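Report on one structure; see the data block that follows.
Computed over heavy atoms, backbone and side chain alike; hydrogens, waters and symmetry mates excluded. Predicted, not measured: the structure shown is a model, and the values here were computed from it. Naming convention: chains lettered A, B, ... in sequence-line order (proteins, then strands); numbering from 1 in each chain.
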There are 2 protein chains.
Amino acid sequence: MPASEDRRRGSYPKGIAKREEILSRALDVIAREGYAGASVKELAAAVGLSQGGLLHYFDSKEELFTAILRKRDEVDLALFDGPGEPAAPSGAGAASSGDTGDSDAGTVLFSTTGPTFDELRDGFLAVIRHNSEVPGLVQLFSRVAVDAADPAHPAHGFFLERGERLREAFVHALADAQAAGRVRSDVDPAMFARVYQAVSDGMQLQWMLEPDADMAAAVDALFAVLTTEESS
Amino acid sequence: MPASEDRRRGSYPKGIAKREEILSRALDVIAREGYAGASVKELAAAVGLSQGGLLHYFDSKEELFTAILRKRDEVDLALFDGPGEPAAPSGAGAASSGDTGDSDAGTVLFSTTGPTFDELRDGFLAVIRHNSEVPGLVQLFSRVAVDAADPAHPAHGFFLERGERLREAFVHALADAQAAGRVRSDVDPAMFARVYQAVSDGMQLQWMLEPDADMAAAVDALFAVLTTEESS
DNA sequence: GTCTATATGTTGATAGAC
DNA sequence: GTCTATCAACATATAGAC
């Protein structure tokens with residue numbers, strides 16, 4: 001049911017379709033060409049619109065970027081969830097090319113119904129590895145994440161909910177894996193859900209500073225110490 | 001030897017003294033009143049100078065903020081290192097009041113000579129707990145950390161070196177503790193040095209968004225899973 | 001629905017008086 | 001060394017033409 005959040009302006013089929021197209025293209029552009037405190041005008045030009053034209057669809061710069069981050073999660077979910085093997089996450093430009101999906105497919109990763117521990121680990125790591133190929137998106141995410149600390153920021157709610165969903169998935173997966181004896185019994189799922197999120201976010205900062213820093217390896221190391229056996 | 005890095009403009013005793021005084025006051029102001037994308041003018045007024053007066057000591061806004069972060073580390077080091085019990089880290093405003101110290105005291109926490117595992121853990125946690133009382137500094141740190149991803153940013157080198165020092169301390173402490181059988185033998189010190197840094201930085205983001213998130217508890221949980229016995 | 005043009009505001013930085 | 005005054009550069013948002 002992708003109807004609830006997408007209502008903004010005209011909200012007619014045509015309008016929201018264009019909106020989605022803009023977001024897809026923006027994602028692609030930022031992923032490839034990077035984000036460096038980009039202005040609305042720059043981004044507008046990049047997606048083939050004027051500033052005014054772009055702001056016809058988004059009320060403000062901050063809302064635009066928030067929408068981009070939402071769309072990004074949507075795309076990542078569709079790519080790295082559900083199927084054991086993603087269709088074709090080849091290279092960097094895996095975020096555009098038409099409609100990636102109103103397919104309700106990927107809600108496993110961040111939903112409460114919950115992926116299994118293995119699914120969550122694999123999906124989480126896949127997204128993180130993918131991030132290494134879209135530096136601009138990582139930078140955009142981190143930048144907005146800081147700004148969104150302000151409750152008045154349009155992305156405040158987005159980051160709150162996103163974090164909650166992510167951690168909820170971890171809590172369930174960890175608890176289940178614990179019950180199955182695969183995760184140490186002395187780990188508090190709620191606490192380590194936060195730790196996973198923190199490691200992921202924190203490694204992004206390190207990686208932006210030092211591209212050699214291996215984000216996925218660090219997260220993987222955390223999985224390793226929490227699990228009782230060596231899987232895979 | 002605090003002489004090497006402090007050379008900038010006039011660099012006469014009087015000049016650098018005033019510089020330090022400005023930084024101390026700026027720290028105090030930001031810690032108490034918060035940082036919200038503060039402009040140079042605002043900060044200048046807060047420290048009792050005009051914009052021009054302030055920029056007499058710092059070439060640019062970015063260099064000013066970089067210097068503030070440097071000073072902050074210096075103060076934290078002096079406060080939460082060396083003595084088993086800090087003098088009086090009471091409340092929030094523990095960062096000003098005269099000269100906190102050219103005292104060469106605290107170089108343990110981030111130096112290669114290295115604190116012991118317990119010292120590092122206690123100091124690290126103390127700094128993190130202290131951070132909860134200076135939200136403005138946490139926000140400033142995170143904001144500049146993102147911007148400093150750009151190699152051209154004045155703080156780029158600062159964050160690189162800071163990260164290296166911090167992780168080096170962790171690598172040594174973890175390795176030593178491992179040799180003593182206090183830390184699991186299957187943890188890679190270098191890898192987990194990154195993980196500690198990531199958890200710390202990542203928890204700051206969560207805490208800025210949700211002040212109820214317990215930064216120290218998360219880091220402490222990581223210590224707990226890595227150690228073989230329950231210390232405390 | 002999209003563009004051009006503009007209003008409005010702010011910022012960082014500089015020049016020059018005192 | 002510090003202040004006042006000012007600049008030039010942008011950026012966002014809006015208004016109005018097409």
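Contact check on A:Asp147 versus B:Arg143 returns a salt bridge, with a Lys/Arg side-chain nitrogen under 4.0 Å from an Asp/Glu carboxylate oxygen. Salt bridge annotation for B:Lys71-B:Glu74: present, with a cationic side-chain nitrogen under 4.0 angstrom from a carboxylate oxygen.
Checked against C:dT4, D:dA11, D:dA13, the side chain of A:Ser60 finds its nearest nucleotide in D:dA13. Proximity note for A:Lys61 (side chain, C-beta onward) versus C:dG12, C:dT4, D:dA13: the nearest is D:dA13. Picking from D:dT14, C:dA13, C:dT11 the nucleotide with the shortest atom distance to the side chain of B:Leu55 gives C:dA13. Here D:dT2 is the nucleotide among D:dA11, D:dT2, C:dC3 with the atom lying nearest to any side-chain atom of B:Lys18. Closest contact between the side chain of B:His56 and the listed nucleotides C:dA13, D:dT4, D:dG1 involves D:dG1. Out of D:dT2, C:dC3, D:dT12, the shortest distance to the side chain of B:Leu49 is found at D:dT2.
Residue A:Lys41 places no side-chain N or O under 4.0 Å from the OP1 or OP2 atom of D:dA11.
Going from atom CD of B:Gln51 over to atom P of D:dT6 covers 15 Å, rounded to whole Å. A straight line from CD of A:Glu21 to C1' of C:dG1 spans 13 Å, rounded to a whole angstrom. For the pair B:Phe58 CZ and D:dT2 C1', the interatomic distance rounds to 15 Å; values are reported in whole Å. The CG-P distance, from A:Asp59 to D:dA11, rounds to 21 Å in whole Å. Atom CD of A:Glu63 is separated from atom P of D:dT12 by 14 Å (rounded to the nearest Å). Across the protein-nucleic acid pair, A:Leu54 atom CG and D:dA11 atom P stand 14 Å apart, rounded to whole Å. Residue A:Leu43 contributes atom CG, which lies 10 Å from atom P of D:dT12 at whole-angstrom precision.
The aromatic rings of A:Tyr196 and A:Phe124 sit perpendicular to each other, their planes meeting at more than 60°, with 30° as the lower class boundary.
The six-membered or imidazole ring of B:Phe141 lies away from that of B:Tyr35, with a centre-to-centre distance of 6.0 Å or more.
Residue contacts for B:Ser50: at a heavy-atom cut-off of 4.0 Å it reaches a base atom on one of the strands shown.
Side-chain atoms of B:Ile30 and B:Leu43, non-hydrogen and from C-beta on, do get closer than 4.5 Å to each other.
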